[in-house]
Amino acid sequence: MGIHIPDSLVKVLLEARKIGVLTGAGISAESGIPTFRGSGGLWEGYPVEKVATVEGFVEDPELVWRFYDERRKNIARAKPNRAHIALAEMEKHYDMWVITQNIDGLHLEAGSKNVIEMHGNIWRVRCTSCDYRGENREVPLGEIPPRCPKCNSILRPDVVWFGEPVYGVEKAFQVARESDVFFVIGTSAQVHPAASLPYIAKDYGATVVEVNIEKTPVSIIADYVLLGRATEVLDSLLRRLREAWR
Ligand code: APR
Ligand code: ZN
């Protein structure tokens, strides 16, 4: 039962030392958090330029904060799933980094330590005027838009919007260059710079392993494309590795 994991991949993983993992919305889908693209995707019902750009925020901070308040309610209910937990377990056996585009914080909650949250974190806020940065876990928000405790200006979510620089880009590219195996899990691989990482990893000699319910642009360069839900694939993979680790 489960997803077929080729013996050759198990062998590569048993010889690997450094592992990089890029994750996207698909890894959190089974925790009940909607993905962005495709039918039923979050961007389907929302104009991206209104809720996920600085320009949109400047124009209507209240609308943007209402959108994020809804997402925060949904994410507050979500728990890490078996895929997040499997990655946290793998970190105990490898020099490993998880590079995520997700803002839900579920990798950290699952116990992964080396996590790069490239697109920020929905529970963090920062001031639009001063240098204040902080955490806000209030669900629902008491005041929309929330205000800075230092200067009373409007706070913004500490997430990366379209056109903004991502967090940890240098470290992420270093991980891609140095990894023996690079996993790409649950991302449509369309948003750069994150989407470049699998190509960099491949160029620098990594075995690229894609995990997704369908093929993506990365599938062409991937050494292994494991089609299935992230939880099923990682369950099957971990079962094989545990047998060998014993
Ligand atoms: N298991 C594995 N993959 C899945 C699952 C699942 N259970 N469910 C969905 N997927 C796959 C889809 O096939 C798709 O390829 O997850 C991917 C989700 O793609 P997107 O919705 O485009 O999400 P993502 O790639 O993370 O988007 C990147 O775009 O809108 C911005 O900032 C936002 O971080 C986000 C970025
Ligand atoms: Zn301030």
Side-chain angles (χ1 to χ4, degrees), residues 1-6 9-10 12-13 16 19-43 71 74-75 77-94 96-119 121-122 172 175-176 179 181-191 194-195 197-198 201 206-242:
M1 265 302 289
I3 307 285
H4 173 68
I5 308 294
L9 173 57
V10 175
V12 167
L13 280 166
I19 293 198
V21 184
L22 172 67
T23 68
I27 198 170
S28 293
E30 293 168 80
S31 291
I33 301 171
T35 59
F36 296 97
R37 294 171 184 79
S39 65
L42 199 58
W43 291 154
R71 289 183 69 185
N74 177 242
I75 290 172
R77 281 192 297 266
K79 298 250 171 309
N81 62 48
R82 297 200 312 278
H84 298 105
I85 292 166
L87 293 178
E89 179 175 341
M90 281 173 68
E91 195 181 307
K92 294 177 187 148
H93 296 267
Y94 293 105
M96 177 168 146
W97 280 86
V98 173
I99 304 159
T100 188
Q101 301 164 85
N102 300 341
I103 59 175
D104 53 38
L106 292 183
H107 286 298
L108 291 167
E109 211 179 300
S112 286
K113 300 272 183 295
N114 296 339
V115 180
I116 301 170
E117 294 184 314
M118 270 192 131
H119 293 172
N121 185 298
I122 199 162
V175 169
S179 293
V181 179
F182 195 83
F183 284 91
V184 188
I185 307 175
T187 176
S188 62
Q190 293 182 31
V191 176
L197 294 168
T207 298
V208 174
V209 184
E210 177 171 53
V211 178
N212 201 303
I213 49 174
E214 59 186 36
K215 290 192 174 181
T216 75
V218 168
S219 310
I220 316 164
I221 63 136
D223 297 279
Y224 296 92
V225 179
L226 305 175
L227 289 178
R229 291 201 293 264
T231 54
E232 291 179 329
V233 176
L234 288 178
D235 272 349
S236 300
L237 189 73
L238 214 59
R239 204 173 309 131
R240 294 293 306 277
L241 290 175
R242 280 201 202 105

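Sequence positions, counted from 1, serve as the residue numbers for this chain.
Residues Ser112 and His84 have side chains that never bring a donor and an acceptor to within less than 3.5 angstrom of each other. At a cut-off of 3.5 Å, with distance as the only test, no side-chain donor of Asp223 or Thr207 sits close to an acceptor on the other residue. Thr187 and Gln101 share a donor-acceptor pair across their side chains, judged by distance under 3.5 Å alone.
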Legend entry - Residues Glu30, Thr231; criterion side chain to side chain donor-acceptor pair (under 3.5 Å); working and verdict: CA-CA 8 Å; Glu30 293 168 80; Thr231 54; 2.4 Å; yes

Inset, instruction - Verify side chain to side chain donor-acceptor pair (under 3.5 Å) between Thr216 and Glu210, making sure each step is shown before the conclusion. - result: CA-CA 9 Å; Thr216 75; Glu210 177 171 53; 2.5 Å; yes

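Residues passing the side chain to side chain donor-acceptor pair (under 3.5 Å) test with Arg242 are Glu89, sequence neighbours excluded.
Rounding to the nearest 0.5 angstrom, the gap separating the CZ atom in Phe182 from the CH2 atom in Trp97 is 13.0 Å. For the atom pair His93 NE2 and Leu238 CG, the distance stands at 7.5 Å (nearest 0.5 Å). Note that CD1 of Ile27 and CG of Leu234 are 6.0 Å apart. Values are rounded to the nearest 0.5 Å. We find the OG1-NE2 distance between Thr100 and His119 to be 9.0 Å, quoted to the nearest 0.5 Å. Separation of atoms NE2 (His107) and CD1 (Ile99) is listed at 10.5 Å; rounding is to 0.5 Å.
Within the 4.5 Å cutoff, no side-chain heavy atoms of Val209 are placed close to those of Leu13. Counting heavy atoms from C-beta outward, Ile33 and Ile75 have side chains that approach closer than 4.5 Å. You'll find the side chain of Glu117 reaches within 4.5 Å of the side chain of Leu108, heavy atoms only.
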